[in-house]
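Reviewing the structure listed below.
Each chain gets a letter, A, B and so on, in the order its sequence line appears, and its residues count up from 1.
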Amino acid sequence: ETGVTQSPTHLIKTRGQQVTLRCSSQSGHNTVSWYQQALGQGPQFIFQYYREEENGRGNFPPRFSGLQFPNYSSELNVNALELDDSALYLCASSFGQGANTGELFFGEGSRLTVL
Amino acid sequence: SQQGEEDPQALSIQEGENATMNCSYKTSINNLQWYRQNSGRGLVHLILIRSNEREKHSGRLRVTLDTSKKSSSLLITASRAADTASYFCATDESYKYIFGTGTRLKVLA
């Protein structure tokens, strides 16, 4: 158990809808990174939040957005869902800024299916 | 984009045998990490090796790093059926960690 919790664990949406995924980071961690993992692939970096500010972004369109709250929990929002958005969305918490944070602590993920 | 590429993509061995998987990456790094993922679940950190280290051990795990070849290997000794999982390397690139495509290891009892 990493202490990182994600919700919901599974959800089904239809094309064009919007979805919000939530992540509670491990106690003492101030950085949250979000990853998208398609079936059979490695996790792809979406973005990272450090102390409530977006700290970096991967190659994802603006319809992927996020928030980090004062307690360092985080949300991932995806608008105008497309079929290719179907994936496991992983949240990882860590302490520190950027890639020098060391070990990432992952939640169990939210599996999104877009029909 | 994928920074690391694991090799082989899939590996099937008998319990008790050793399993070796390799990771190649493209740009200079500060550190490299290995993670394990059971089917469809979250990733679990195994080991971190810094760019100035060449070898690191943790229990039955041995990791090597060759920065001149931009490659790393993960050795699992005396494998067990419970080691069946996907294994990923992750390298730091500026503010983020980039994961490879993974090696799917199956350990047969």
Side-chain angles (χ1 to χ4, degrees), chain A residues 1-7 9-10 23 25-26 29 31-51 53-60 86-113, chain B residues 1-10 21-53 56 58 61 63 74 85-106:
Chain A
E1 293 292 328
T2 63
V4 179
T5 59
Q6 292 188 242
S7 63
T9 54
H10 295 82
C23 172
S25 56
Q26 182 161 309
H29 286 178
T31 300
V32 173
S33 303
W34 285 92
Y35 288 83
Q36 179 195 65
Q37 187 179 24
L39 201 60
Q41 301 295 315
Q44 297 271 354
F45 177 80
I46 302 175
F47 43 55
Q48 181 183 89
Y49 279 84
Y50 172 71
R51 293 185 175 178
E53 298 284 333
E54 186 179 294
N55 188 46
R57 189 178 184 91
N59 189 27
F60 281 81
S86 294
L88 181 68
Y89 288 86
L90 295 162
C91 162
S93 79
S94 55
F95 181 79
Q97 187 174 14
N100 291 321
T101 61
E103 179 180 350
L104 300 176
F105 293 79
F106 281 86
E108 291 295 328
S110 294
R111 182 162 298 281
L112 170 65
T113 301
Chain B
S1 62
Q2 303 281 165
Q3 156 82 303
E5 293 286 336
E6 284 90 344
D7 170 59
Q9 289 186 327
M21 50 205 87
N22 304 295
C23 168
S24 59
Y25 57 92
K26 298 173 185 174
T27 61
S28 296
I29 60 171
N30 293 306
N31 63 71
L32 182 146
Q33 302 185 49
W34 284 90
Y35 286 81
R36 165 199 168 118
Q37 183 180 36
N38 288 344
S39 180
R41 304 193 64 182
L43 280 76
V44 175
H45 179 263
L46 296 175
I47 199 164
L48 180 151
I49 187 166
R50 302 196 184 281
S51 60
N52 61 353
E53 297 175 310
K56 204 162 182 180
S58 177
L61 306 180
V63 169
L74 170 67
S86 292
Y87 292 82
F88 296 91
C89 66
T91 51
D92 66 296
E93 182 180 296
S94 183
Y95 49 83
K96 60 190 183 237
Y97 280 101
I98 303 296
F99 285 80
T101 51
T103 292
R104 292 182 298 282
L105 173 65
K106 187 169 187 178

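Judged purely by atom type and a 3.5 angstrom limit, B:Y97 has no side-chain atom pairing as donor or acceptor with the backbone of A:L104. No side-chain donor-acceptor contact under 3.5 Å links A:E108 to the backbone of B:R41.
With sequence neighbours excluded, the residues satisfying ring pair (Phe, Tyr, Trp, His ring centres under 6.0 Å) with A:F45 are A:Y35, B:Y95. Every residue two or more places apart in sequence or in another chain was checked for a salt bridge (charged side-chain N to carboxylate O under 4.0 Å, His left out) with B:R104, and none qualifies.
Only the side chain of B:Q37 comes within less than 4.5 Å of a heavy atom in chain A; its backbone stays farther off. Heavy-atom distances place no part of A:Q6 under 4.5 Å from chain B, backbone and side chain included.
Counting heavy-atom neighbours within 6.0 Å of B:E53 CD, excluding the residue itself, gives a total above 12.
Nearest heavy-atom pair across B:F88 and A:Q37 is CZ-NE2, 3.6 Å. Taking every heavy atom of both residues into account, A:G102 and B:L48 meet most closely at CA-CD1, 3.9 Å.
Counting only heavy atoms from C-beta outward, the side chains of B:F99 and A:L90 never approach each other to under 4.5 Å.
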